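Working notes for the structure below.
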Amino acid sequence: MPELPEVEVVRRGLARWVTGRRVEGVEVLHPRPVRRHLAGSADLVARLLGARVDDAVRRGKYLWLPLDTGEALLAHLGMSGQMLLQPPDADDERHLRVRVRFGDRERELRFVDQRMFGGVSVVGLEPTPDGLPAGTGGEGTPSEPVLPHEVAHIARDPLDPYLDAAALTARIRLRRTGIKRALLDQGLVSGVGNIYADEALWRARLHYARPTETLNRPEVARLLDAVRAVMLEALGQGGTSFDALYIDVNGDSGYFDRSLAVYGRNGQPCPRCGSIVRRDPFMNRSSYTCPGCQPRPRRARW
DNA sequence: CGAAGCCCCTGTTCGC
DNA sequence: TGCGAACAGGGGCTTC
């Protein structure tokens, strides 16, 4: 799925366009992507009609549009979700699931999702436990200190200015698991998926199966710096796109895939030491490592 | 509480 | 060419 940088690219595109616009029409074309809206699609439509969008906010891979009704349109892109801003006369996409029309008729918001792991719902907002802004919003302005209940269990992400890095480091070191599993745990730190986990581990020269309790504080700090750095670089290049499944609100691909050191580069040389990158099965997925830079620890855990 | 496995979907690619 | 298996960037839920 799109990970943090890709979702942030989408958030920025939405913030620029939909903020201040009022919903005039909503069409749900498939029930599955609205399954998390338990009251049903008719209720979802009713709550959106006439509402004005006030912002676009993101925490980790979750994205929501606060409305002037006090609720928010919550979205998760899952593995293949897209938020597109299209001219209303553009042909419907093959996997178009939800359409939101605005008063001005210039563009409409389309939720497109092939695999339908993602979805949208209309949710209430509640105060953040710490009273701090919930995540990344606006045009450089902090978001309001409220977030959807559905996002309350999601930790702050590496690009969140209010992330407590010292506390996160301590929590990681208290875990009893492999470091990559910890990185992928959205309740510990959010926004990191398979691609950026592998890239950050490579940059920090750590193997994915390093037991968390064997990492010292500087090692964890180095890893978190690497996560931040790789995400910022990806953001600067519009995110990572392997195919047409991840694109921004205008349908354009990012090009960070050209900068990936190990992810998806099985059999190719490590850009740092030349060793051949390997792919290992990991949690029903894959992990890519450089055997030279990231030797497997004697005591491995995953 | 934390850790780990299962499952939800569709489409493409790969190997036989 | 045909077909089944493997695989694809996630996360909620259940169980232990």
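Chain naming here is simple, since letters A, B, ... match the order of the sequence lines and numbering starts at 1 in each. Note that the structure is predicted; figures quoted are calculated from it, not measured.
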Length of the line joining [X]:[atom1] and [N]:[atom2], which is rounded to integer Å:
X	N	atom1	atom2	value
Lys180(A)	dA3(B)	NZ	P	17 Å
Arg35(A)	dC8(B)	CZ	P	12 Å
Ile179(A)	dA4(B)	CD1	P	13 Å
Leu174(A)	dG2(B)	CG	P	10 Å
Asp185(A)	dA4(B)	CG	C1'	11 Å
Gln114(A)	dC8(B)	CD	C1'	14 Å
Phe282(A)	dA3(B)	CZ	C1'	12 Å
Leu77(A)	dG11(C)	CG	P	10 Å

Open item on the list: Does the structure place the NZ or CZ of Arg205(A) under 6.0 Å from the centre of the six-membered ring of Trp202(A), at an angle of no more than 45° from the ring's axis?
Closed with: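 Relative to the ring axis of Trp202(A), which defines the angle, Arg205(A) lies outside at least one limit.
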
Task: Base of dA3(B) paired with side chain of Arg175(A) (donor-acceptor, under 3.5 Å) - done: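 Such a pair does not exist between side chain and base.
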
Just to confirm, is there a sub-4.0 Å distance from OP1 or OP2 of [N] to any side-chain nitrogen or oxygen of [X]?
X	N	answer
His153(A)	dG12(C)	yes
Gln186(A)	dG11(C)	yes
Ser286(A)	dC7(C)	no
Arg285(A)	dG10(C)	yes
Ser80(A)	dA8(C)	no
Arg32(A)	dC9(B)	yes
His76(A)	dG12(C)	no

Name the nucleic acid region contacted by [X], choosing base, sugar-phosphate or nothing; use a 4.0 angstrom heavy-atom cut-off, strictly under.
X	value
Arg94(A)	sugar-phosphate
Thr240(A)	base
Arg36(A)	sugar-phosphate
Tyr196(A)	nothing
Arg279(A)	sugar-phosphate
His30(A)	nothing

Residue [X], side-chain atoms from C-beta onward, closest of [options]:
X	options	value
Glu3(A)	dA8(C), dG10(C), dC9(B)	dG10(C)
Arg176(A)	dA3(B), dT10(B), dG12(C)	dA3(B)
Arg171(A)	dG2(B), dC7(C), dT10(B)	dG2(B)
Met116(A)	dG12(C), dC7(C), dT10(B)	dT10(B)
His95(A)	dC9(B), dT10(B), dG11(C)	dT10(B)

Salt bridge present between [X] and [Y] (N-O < 4.0 angstrom):
X	Y	value
Glu71(A)	Arg47(A)	yes
Glu150(A)	Arg36(A)	no
Arg101(A)	Glu24(A)	no

Open item on the list: Using the rule salt bridge (charged side-chain N to carboxylate O under 4.0 Å, His left out), only one of Asp185(A), Asp198(A), Asp280(A) pairs with Lys180(A); which is it?
Closed with: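 Looking at Asp185(A), Asp198(A), Asp280(A), the match for Lys180(A) under the salt bridge (charged side-chain N to carboxylate O under 4.0 Å, His left out) is Asp198(A).
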
Open item on the list: If I pick the P atom on dC3(C) and the same atom on dC9(B), what distance separates them, to the nearest angstrom?
Closed with: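 After rounding to an integer number of Å, I get 25 Å for this pair.
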
Open item on the list: A quick test of your reading: do over 12 heavy atoms of other residues, nucleotides or ligands sit less than 6.0 Å from CZ of Arg176(A)?
Closed with: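 Atom CZ in Arg176(A) is packed in, count exceeds 12.
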
TODO: Would you kindly say whether Gln294(A) and Tyr288(A) are connected by a side-chain donor-acceptor distance under 3.5 Å?
DONE: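 Gln294(A) vs Tyr288(A): no donor-acceptor pair found between side chains.
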
Task: Each stem that DNA chain B is part of, given as range with range (3 or more consecutive Watson-Crick or G-U pairs, under 3.5 Å) - done: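 So far as stems of 3 or more pairs are concerned, DNA chain B shows B:2-8 with C:10-16, B:10-16 with C:2-8.
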
Task: Linked hydrophobic residues, Trp64(A) as query - side chain contacts closer than 4.5 Å - done: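 Members other than Trp64(A) - counting any ILVMFWY side chain reachable under 4.5 Å - are Val57(A), Tyr62(A), Leu74(A), Val123(A), Leu125(A), Val146(A), Leu147(A), Val151(A), Ile154(A).
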
TODO: Just jot down the ring pair (Phe, Tyr, Trp, His ring centres under 6.0 Å) partners of Tyr255(A), sequence neighbours excluded, or say none.
DONE: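 Partners of Tyr255(A) by the ring pair (Phe, Tyr, Trp, His ring centres under 6.0 Å) criterion come out as none, since no residue qualifies.
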
